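Taking it in order: structure first as structure tokens, then the write-up.
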There are 2 protein chains.
Amino acid sequence: MSQQRTGHEAGITGRVGAVTPSAVLGSQPDFPDLPEATVARLPEYLRALHHLAETGHDTVSSEGLALAAGVNSAKLRKDLSHLGSYGTRGVGYDIEPLVGQIEYILGLNKRRAVALVGVGNLGHALAGYAGFASRGFRIAALFDADLTRVGELINGIAVRHIGDIPEVVKSEAISIAVLATPAGAAQAVADQLVAAGVTSILNFAPVVLNLPEQVDVRKVDLAVELQILSFHEHRKSARGAEQAKALARGAELAKTVARNGSPVAARGEVAA
Amino acid sequence: MSQQRTGHEAGITGRVGAVTPSAVLGSQPDFPDLPEATVARLPEYLRALHHLAETGHDTVSSEGLALAAGVNSAKLRKDLSHLGSYGTRGVGYDIEPLVGQIEYILGLNKRRAVALVGVGNLGHALAGYAGFASRGFRIAALFDADLTRVGELINGIAVRHIGDIPEVVKSEAISIAVLATPAGAAQAVADQLVAAGVTSILNFAPVVLNLPEQVDVRKVDLAVELQILSFHEHRKSARGAEQAKALARGAELAKTVARNGSPVAARGEVAA
DNA sequence: CGCGATTTGTGCACCTGTTCACAAGCGCTT
DNA sequence: AAGCGCTTGTGAACAGGTGCACAAATCGCG
């Protein structure tokens with residue numbers, strides 16, 4: 001632990017694009033095949049680099065950057081080596097060109113237009129989230145199914161009805177959408193988005209979307225994150241108890257143990 | 001793609017608990033060492049199972065559950081086999097006991113108290129997020145540094161000042177905290193939480209927290225998710241251009257082909 | 001101008017996780 | 001009671017990712 005889990009690592013198959021037609025053609029020099037795990041870390045490196053740049057550095061060692069990004073330095077070096085090299089031995093990496101390269105790879109050299117569907121509780125917050133704007137994205141459209149919300153201004157953008165999706169997605173050339181609808185509506189909305197031309201979706205609804213192969217979907221489920229933490233909590237306390245037991249076994253102090261007796265009991269209850 | 005990336009896979013080191021003291025003692029029968037990748041998928045299985053139960057099923061095949069959870073069936077079976085077996089050959093899994101077992105493993109048999117720090121834009125939405133309550137968690141306390149927000153009621157809970165963290169965390173026996181502060185404040189707040197006894201943190205602030213070994217941290221960075229999608233968008237368009245070029249190079253019927261991309265190209269399309 | 005300190009880039013071994021493919025097990029039907 | 005079809009559980013091969021450890025490269029300094 002404390003090795004931060006960043007909420008997307010690798011695990012899932014292959015190099016990005018390793019199977020695409022371009023493999024046949026040989027990969028483009030300016031577009032190397034990056035391991036998916038590396039791609040997932042690049043944004044973190046980018047953030048760390050921006051921070052370093054703002055605090056007056058113009059060079060970092062792999063050690064320093066790794067620390068700031070929460071990974072180990074060998075991994076960092078290997079990741080960066082995949083982008084073609086931007087470091088100088090004995091010195092480190094020049095921050096500015098490195099930032100440029102990562103931004104280019106991530107496609108952040110042009111600010112991308114994003115649509116957000118579902119301005120309920122969470123959607124509303126996302127619409128106002130400054131982090132999107134400051135890190136390469138522009139919320140270009142808001143949609144909701146609820147007619148009473150249509151017209152509402154959030155952060156200067158008017159909420160439109162989901163019926164307008166085809167029109168707006170085309171006119172604004174939107175390819176990325178954020179889905180913050182209730183679970184029940186998510187699939188239908190996703191279908192509409194895809195039909196309108198969206199090819200990447202960030203899904204906050206707790207459902208597995210069923211979409212064509214070529215559409216990229218990332219899922220963020222807030223409750224899932226907590227449940228994973230809960231598991232570790234459970235384990236910690238179980239281990240703790242066990243440890244205590246082990247100690248007690250060796251010794252006399254049975255009393256302390258009695259208090260946190262094994263939670264083997266109750267199950268069920270819980271989720272509504 | 002379309003193989004949904006769930007925003008946390010494995011990649012990060014070892015079996016859960018493989019290094020804990022209990023390894024020495026031999027692992028408990030009721031608390032097997034689960035691969036981290038498996039743990040990350042359990043919540044998704046649980047959600048799918050609840051959904052199935054609600055729609056009247058009381059049995060599922062690995063195929064069916066895998067479909068509902070967005071994974072392949074072999075993976076699912078292996079995952080479930082780690083919890084000790086709950087399936088019947090020729091039939092499938094009994095939903096009810098399986099739900100119970102997963103909830104037990106995840107430590108959801110008791111409803112866990114969670115503290116949320118930072119009731120700004122995002123924090124406010126999280127405080128009102130119904131998904132937490134419905135999936136095993138109880139927001140037991142809200143904190144903010146801003147005195148003008150202290151006292152405000154959100155979802156029936158009063159916002160308290162972060163100075164009260166030690167007291168409240170102890171009295172409510174809180175071990176999990178959600179961090180939704182601005183980046184600048186996150187580290188300091190995290191330190192306070194840990195000092196007060198919190199041992200798991202879900203961090204929404206875009207910073208790498210530096211905390212003791214035994215504290216579990218999961219990070220969710222919304223902009224990072226979009227940046228990863230952006231990468232894939234970028235790649236898709238780059239590939240598209242390339243493909244077009246290649247096709248143009250090769251043939252006369254560039255036009256017809258351009259639309260559907262060659263069958264060879266279609267194969268496997270992209271990672272996952 | 002050469003030497004030592006430093007730091008990158010990478011070959012390699014290890015390890016986790018995924019997937020395949022099939023034997024074992026179960027229930028239903030005849 | 002035996003056979004058949006279906007589904008689980010898992011051994012084994014594979015794939016991808018990680019981290020070590022070191023050679024190669026660069027800089028600064030005397």
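A, B, ... follow the sequence lines: proteins, then strands. Residue 1 opens every chain. Bear in mind that the values here come from a model prediction, so they are computed numbers and not experimental data.
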#### Entry: Nearest-angstrom distance from the residue atom CG of A:Asn72 to C1' of D:dA21
13 Å
### Query
What residues, two or more places apart in sequence or in another chain, satisfy side chain to side chain donor-acceptor pair (under 3.5 Å) together with B:Thr181?
none
### Task
For nucleotides 24-30 of chain C, just jot down a letter per nucleotide in 5' to 3' order: B, S or -, based on protein non-hydrogen atoms under 4.0 Å.
BBSS---
#### Entry: Rounded interatomic separation in angstrom, taking CD from B:Glu36 and C1' from C:dG17
12 Å
### Query
When the distance from CG of B:Leu83 to C1' of D:dT8 is rounded to whole Å, what number comes out?
14 Å
### Query
Which listed nucleotide (C:dT19, D:dT10, D:dG19) is nearest to the side chain of B:Ser81?
D:dT10
### Query
If you check the A:Lys78 side chain, which of C:dT19, C:dC12, C:dG17 turns out closest?
C:dC12
#### Entry: Whole-Å gap separating P (C:dT18) and NE2 (B:His82)
10 Å
## Note on the structure
Across all chains, not counting sequence neighbours, the salt bridge (charged side-chain N to carboxylate O under 4.0 Å, His left out) partners of A:Arg135 are B:Asp221
### Query
Which whole-number value in Å describes the distance from A:Tyr93 OH to D:dT26 P?
14 Å
### Donor-acceptor contact below 3.5 Å, side chain A:Gln214 vs main chain A:Thr199
no
### Nucleotide D:dT8, atom P - distance to OH of B:Tyr45 in whole Å
13 Å
#### Entry: No-H, no-angle donor-acceptor pair, B:Lys75 side chain to C:dT19 base, under 3.5 Å
no
### Task
Specify the separation, in whole Å, of atom CG of A:Asp94 and atom P of D:dC27.
10 Å
### Query
Which nucleotide in the list C:dT10, C:dT19, C:dT18 gets nearest to the side chain of A:Arg77?
C:dT10
### Summary
Assert: residue with more 5' nearest nucleotide on DNA chain D, out of B:Glu63 and A:Ala74, is B:Glu63
#### Entry: For B:Arg47, salt bridge (charged side-chain N to carboxylate O under 4.0 Å, His left out) partners two or more places apart
B:Glu44
### Query
How long is the line joining CD1 of B:Ile95 and P of D:dT7, in whole Å?
15 Å
## Note on the structure
Checking C:dG17, C:dT7, C:dC12 against the side chain of B:Ala37 (C-beta onward), the nearest is C:dG17
### Query
Which residues pass the salt bridge (charged side-chain N to carboxylate O under 4.0 Å, His left out) test with A:Glu233, sequence neighbours left out?
A:Lys236
### Task
Please answer whether the main-chain N or O of A:Leu108 pairs with a side-chain N or O of B:His234 as donor and acceptor at a distance below 3.5 Å.
no
#### Entry: Residue list, side chain to side chain contact (heavy atoms under 4.5 Å, CB included) with B:Thr59, at least two apart or on another chain
B:Val91, B:Asp94
### Query
For D:dT8, does either OP1 or OP2 sit under 4.0 Å from a side-chain N or O belonging to B:Ser62?
yes
